[in-house]
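All figures in this text were calculated on a predicted structure; none of them were measured in a lab. Letters A, B, ... mirror the listed sequences (proteins, then strands); counts begin at 1.
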Amino acid sequence: MDIPKTYDKNREAEIYARWEKAGYFRADAASDKKPYTIMIPPPNITAKLHMGHALNNTIQDILIRFKRMQGFEALYMPGTDHAAIATETLVVKALAEQGITKNDIGREGFLKKLWEWNELYGGTIINQLKRLGFSCDWGKQRFTMDEGLSDAVLETFVSLYNEGKIYRGERLVNWCVKCRTSISDAEVEHEDKESSIYHFKYPIDGEADSFIAFATTRPETMLGDTAIAVSPDDSRYAALVGKFAYIPMCDRKIPIIADSYVDPEFGTGVVKITPAHDPNDFEVGVRHNLPRINILNDDGTINENGGAYNGKTREEARLKIIEEMTERGLYIKTEPLSHAVGEHDRCGTVVEPLMKLQWFVQMEELAKPALEAYTSGELRFNRERFGKIYKNWLDNIRDWCISRQLWWGHRIPAYYCPNGHITVAKIAPAACGTCGDTNLTQDPDVLDTWFSSALWPFATLGWPQKTPELEKFYPTDVLVTDRGIIFHWVVRMVFSGQKFMGELPFKDVIVHGTVLDEIGRKMSKSLGNGIDPLDIIEQFGADVLRLMLVNGNAIDSDTRFFSERLEPTRNFLNKLWNATRFVLMNLEDYHGYESGENVARETEDRWILSCLNRLITEVTENLEAHELGHAAKKIVDFIWDEFCDWYVEMVKPRLYSKSNDATAKASRKAAQATLREVLIAAVKLLHPITPFITEDLFLALRNPANPSTEYGREMQSVMLSHWPDFTGCNFDNPAAEKSIERVKEAVRGIRAVRTEKQVPPSQKISVVIIPADTDANDLFANAKAALALLAGAATVDVNAANSEPPAGAISVVVSGATIYLPLDSLVDTEKERARLSKEKKKLEQELARIDSKLSNEGFVAKAPPSLIETEREKRENFAAMLAKVETELKGT
RNA sequence: GGUCGGUUAACUCAGUUGGUAGAGUGCCACCUUGACGUGGUGGAAGUCGCGAGUUCGAGUCUCUCACCGACCACCA
């Protein structure tokens, strides 16, 4: 049989194509199996996938494959997001490079460009997902702007509108002067900036030489001031309340009012009020019925309300006003100030609060059940702190501004007639619903991109239609997402699901960390420190990337993408590949034993099966609990340490035995059966994480007589075979485990001496073991052949207990035996005494530690009995070993 | 300003109900033994950020502080 020494990662694409062709990822709504559903967080069609997607989707695919193997009808629903503003910005930029603007090509032409963009990037993303091995049901793939989702969006909008939960109103919105659109609070990033605070004073109207001093960080907004406010409790200004201040630039008198919003301790205790350009001032304005003067155009320049400043930019106006105030003797001073400035997260432009007529979703009532779901414990987060983020957001919920002044997105289904009536309908109405006027225009704005993704868990399944898919697969089982979009997305899916499906869209939320670069920074385009998953796949394969991303990692903490971790991961898969190769090479005359059949198993067989049994239990538990890092690490450790380093080595003498003796043959077959069984189970456990290589290995192990058989139609893939489960096989075997642990201890002891004495592996030594009792005698006698191989011995003699030790030998005391290595020429009495003394000291220290513990009344009284028992057993063992060491010391 | 996270071997990180500190990489020494040198064997290496507390016992629980990081936030 000819199997290459290394796994060919280039087979991944071929294996994937095979799966896809066979329809293994298809989830059937008519199936009798229990459903298990995960919705992919639809990637934005803005660019290629990055490492964050790779992690996010790997977690999902592991869970999906695990559940599919467990016999669930598992649906991994794929799709993409149109990402309204993000994509539009990119396309605008791309057009600008050709000297084209949106208006040049018009709405229709522009949208055509966007659909072309979607074809290109949406397609790229899908191919990347496939390349990473994700087992999505591609037949069900959706896009947030496709027909079905668009219908769901309209349905939602109309229904919320009819309920009065969507309204249109003039409010202060976050306005991006560059993108010329409103954005939601969540899209505003606050960053502390070094800027200045300017101190001015306004004259008090009608009183010569009387002024009121205040400070502002935005002098240009003075043009829109409609009041001056002080604290009601501030005696300093009490006399001024009710009087008027005078704004010279605008020739405007504004009232001096008292409002509790003002903190008398801060600054001068005086705040200028600009209701049209500051959210707090807006509130104050509402309370005091102040006029709202909008001084800005959509592009951020001063409008006609700014009088002489009309047409100037924000920055120009600011300087000019400072100048003018100075000339008028009303400027006091400028101080440096570090304060938070809101910026648009997409373009970095300073956000301007602006009065606008926009569409809003009234959040108060929708938020209540969403909050209740969390506080009642129905909605769970994998870490409590993520739940707190969720709760905090809902506690401070504000109405959601959903209109965007963009073209790419779901156009708002509101139609206006010349008489000022609004008609909201899914299908463009022929006439105004109020006055019957047929001259209607549709609102030019589109909806916030999250409006559609909020519906993702059920709209993708066919809602508002009552489809079999919706019936079968909703609610989904778990949502896996990045920390960054808990409130953007998770919150909105929750209340949407509750509102329209009457049921939470999922009960478990897994929030994972961010993939950082090698020095702990976020990967970003601007830093140029991003790593393309496809580059890694090109070099190492998807299996390596997937395993590396989860192995040993705490799911909730950020992880650095450390390229040095790739090689060890690849090495592991190579190790697994070769372990399988070894097993296959030794199965040539194997004619099949099925699990549970009566096989002449030996102690090491029972040991490895016992370890495997525990591994399966633990890995299953870990996966159920979404602790992928633990699961992966345990499988890797088992395969490498227990299986390869110990079991395979121990079993070699049995495999290589040429004896035709019936016992020897039975023993060989038992070894073959165990090797195969254990490896098949291990490969299955690993399959959700590294699906490609395990598929190949499984198929080979299934049919060892002809492992190179091409994937036949009748052959099932790994994912459809069952998740390993040894319940009822009685493989749990503590006695075998204890025995093998002793063998391992003996082997390590001998190896340590060999290394110390620099005995090369090629030099075979003889070993004499004098066991402490009959149990140990049986154990070591049975393990003679394995011991010989593992310790590089030509002969292993197990003498009777208490028999005379050989002369001139180095002695090693282990649990249950003293081992003698007759290495006459190498024995140096002085050094031996030193070594044994060191050993003695170590044992004495161990004993002292245990004794102090056991003689501690508090410990004996309060520690769990099992722990005390363990300590006593250890004490016994150490005491016996110490006695042996002392005997040896006397002998030298 | 508020909330949260991190601080464990030279490096990157695990450490699931508190019970004698682990892995990988790197380093040192040895080895091509019939699966694998993308390998094997042995080894060195940590006062678990500082200080205190609870406990028979603390990397693990509580508090203080320090440094790093994330998020939230309307203080002019």
Expressed as a whole number of Å, how far does the C1' atom of B:rG42 sit from that of B:rG6? 35 Å
Which nucleotide wins on minimum distance to the side chain of A:His630, given the candidates B:rG19, B:rU20, B:rU16? B:rU16
Looking for any heavy atom pair under 4.0 Å, which part of the strands does A:Arg385 touch: base, sugar-phosphate only, or nothing? sugar-phosphate
How close or far is atom C1' of B:rG5 from atom CG of A:Leu516, stated in whole angstroms? 13 Å
Can a salt bridge be assigned to the pair A:Lys874 and A:Glu871 using a cut-off of 4.0 Å between side-chain N and carboxylate O? yes
Whole-Å distance separating the CZ atom of A:Phe381 from the C1' atom of B:rC4: 15 Å
Basic-acidic side-chain contact under 4.0 Å: A:Glu220, A:Arg318: yes
Does B:rC13 have OP1 or OP2 under 4.0 Å away from a side-chain N or O of A:Arg560? yes
Quick one: do A:Arg570 and A:Glu567 make a salt bridge, cutoff under 4.0 Å? yes
Suppose we screen for salt bridge (Lys or Arg N to Asp or Glu O under 4.0 Å). Which residues come up paired with A:Glu649, at least two apart in sequence or across chains? A:Lys652
I'd like to know if A:Asp399 and A:Arg171 make a salt bridge, using a cut-off of under 4.0 Å between side-chain N and carboxylate O. no
Under the ring-ring contact (aromatic ring centres under 6.0 Å, His included) rule, collect the residues that match up with A:Phe638, sequence neighbours excluded. none
Considering every strand and a 4.0 Å limit on heavy-atom distances, what is the contact class for A:Glu283: base, sugar-phosphate, or nothing? nothing
A:Glu538 meets the side chain to side chain contact (heavy atoms under 4.5 Å, CB included) criterion, sequence neighbours left out, with none
Return the set of residues passing ring-ring contact (aromatic ring centres under 6.0 Å, His included) with A:His630 (not counting sequence neighbours), or none when no residue passes. none
Just to verify, what does A:Val767 make a side chain to side chain contact (heavy atoms under 4.5 Å, CB included) with, not counting sequence neighbours? A:Ile750, A:Ile765, A:Ile769, A:Ala793, A:Val796, A:Ile819, A:Leu821
Residues passing the side chain to side chain contact (heavy atoms under 4.5 Å, CB included) test with A:Ile397, sequence neighbours excluded, are A:Met363, A:Ala367, A:Trp393, A:Leu394
Separation between the P atoms of B:rU64 and B:rC28, rounded to whole Å: 46 Å
Quantified in whole Å, what is the C1' atom distance between nucleotide B:rC48 and nucleotide B:rU20? 15 Å
I'd like to know if A:Asp558 and A:Arg483 make a salt bridge, using a cut-off of under 4.0 Å between side-chain N and carboxylate O. yes
Find every protein N or O atom lying less than 3.5 Å from an N or O atom of nucleotides 70-76 of chain B, and list the pairs.
residue: B:rA70; atom: O2'; partner: A:Arg483; partner atom: NH1; Å: 3.4
residue: B:rC71; atom: OP1; partner: A:Lys522; partner atom: NZ; Å: 3.1
residue: B:rC74; atom: O2'; partner: A:Asn280; partner atom: ND2; Å: 3.2
residue: B:rC74; atom: N1; partner: A:Asn280; partner atom: OD1; Å: 3.1
residue: B:rC74; atom: N1; partner: A:Asn280; partner atom: ND2; Å: 3.3
residue: B:rC74; atom: O2; partner: A:Asn280; partner atom: OD1; Å: 2.9
residue: B:rC74; atom: O2; partner: A:Asn280; partner atom: ND2; Å: 2.9
residue: B:rC74; atom: N3; partner: A:Asn280; partner atom: OD1; Å: 3.4
residue: B:rC75; atom: N3; partner: A:Asp263; partner atom: OD2; Å: 3.4
residue: B:rA76; atom: OP1; partner: A:His339; partner atom: ND1; Å: 3.2
residue: B:rA76; atom: O2'; partner: A:Ala215; partner atom: O; Å: 2.7
residue: B:rA76; atom: N6; partner: A:Asp263; partner atom: O; Å: 2.6
residue: B:rA76; atom: N6; partner: A:Phe266; partner atom: O; Å: 2.5
residue: B:rA76; atom: N1; partner: A:Asp263; partner atom: N; Å: 3.2

Could you write out each protein N or O paired with an N or O of nucleotides 54-60 of chain B at a distance under 3.5 Å?
residue: B:rC56; atom: OP1; partner: A:Lys862; partner atom: NZ; Å: 2.0
residue: B:rC56; atom: O2'; partner: A:Asn856; partner atom: ND2; Å: 2.6

Mind calculating the distance between CD (A:Gln763) and P (B:rU32) to the nearest angstrom? 12 Å
Send over the distance from A:Glu384 CD to B:rG5 P, rounded to a whole Å. 11 Å
For A:Asp696, which of A:Arg11, A:Arg581, A:Lys9 qualifies under salt bridge (charged side-chain N to carboxylate O under 4.0 Å, His left out)? A:Arg11
Expressed in whole Å, how much space separates the C1' atoms belonging to B:rC63 and B:rU16? 25 Å
So if I define the base as every atom that isn't primed, P, OP1 or OP2, how would nucleotides 33-39 of chain B read as a B/S/- string at a heavy-atom cutoff under 4.0 Å? -BBB-BS
Pair of N/O donor and acceptor under 3.5 Å linking B:rU41 base with A:Arg751 side chain: no
Ionic contact status for A:Glu627 with A:Lys634, cut-off 4.0 Å: no
Using Watson-Crick and G-U wobble pairs whose two distances are both under 3.5 Å, how do you write the pairing of RNA chain B as dot-bracket, with | for links to another strand? (((((((..((((.....[..)))).(((((.......))))).....(.(((..]....))).))))))))....
Salt bridge present between A:Lys831 and A:Glu756 (N-O < 4.0 angstrom): no
Distance, rounded to the nearest Å, where A:Ile750 contributes CD1 and B:rC31 contributes C1': 18 Å
Please measure how far the P atom in B:rG19 lies from the corresponding atom in B:rC74, and state the result in whole Å. 43 Å
Using atom C1' in both nucleotides, what's the gap between B:rU8 and B:rC68 to the nearest angstrom? 16 Å
Residue pairs meeting ring-ring contact (aromatic ring centres under 6.0 Å, His included), one or both in residues 211-232 of chain A, sequence neighbours left out, come to A:Tyr202-A:Phe214
Send over the distance from A:Asn553 CG to B:rG22 P, rounded to a whole Å. 21 Å
Between B:rU17 and B:rG24 - C1' atom distance, rounded Å: 28 Å
With sequence neighbours excluded, what pairs up with A:Glu624 under the salt bridge (Lys or Arg N to Asp or Glu O under 4.0 Å) test? A:Lys67
Under 4.0 Å, counting only non-hydrogen atoms across every strand here, what does A:Ala625 touch: a base, just sugar-phosphate, or nothing? nothing
Spacing of A:Met548 atom CE relative to B:rG24 atom P, expressed in whole Å: 17 Å
Separation between the C1' atoms of B:rC75 and B:rC4, rounded to whole Å: 23 Å
Can you tell me how far P of B:rU20 sits from CG of A:Leu854, to the nearest Å? 13 Å
With RNA chain B as reference, determine whether A:Phe562 or A:Pro760 sits nearer its 5' end, using the nearest nucleotide of each. A:Phe562
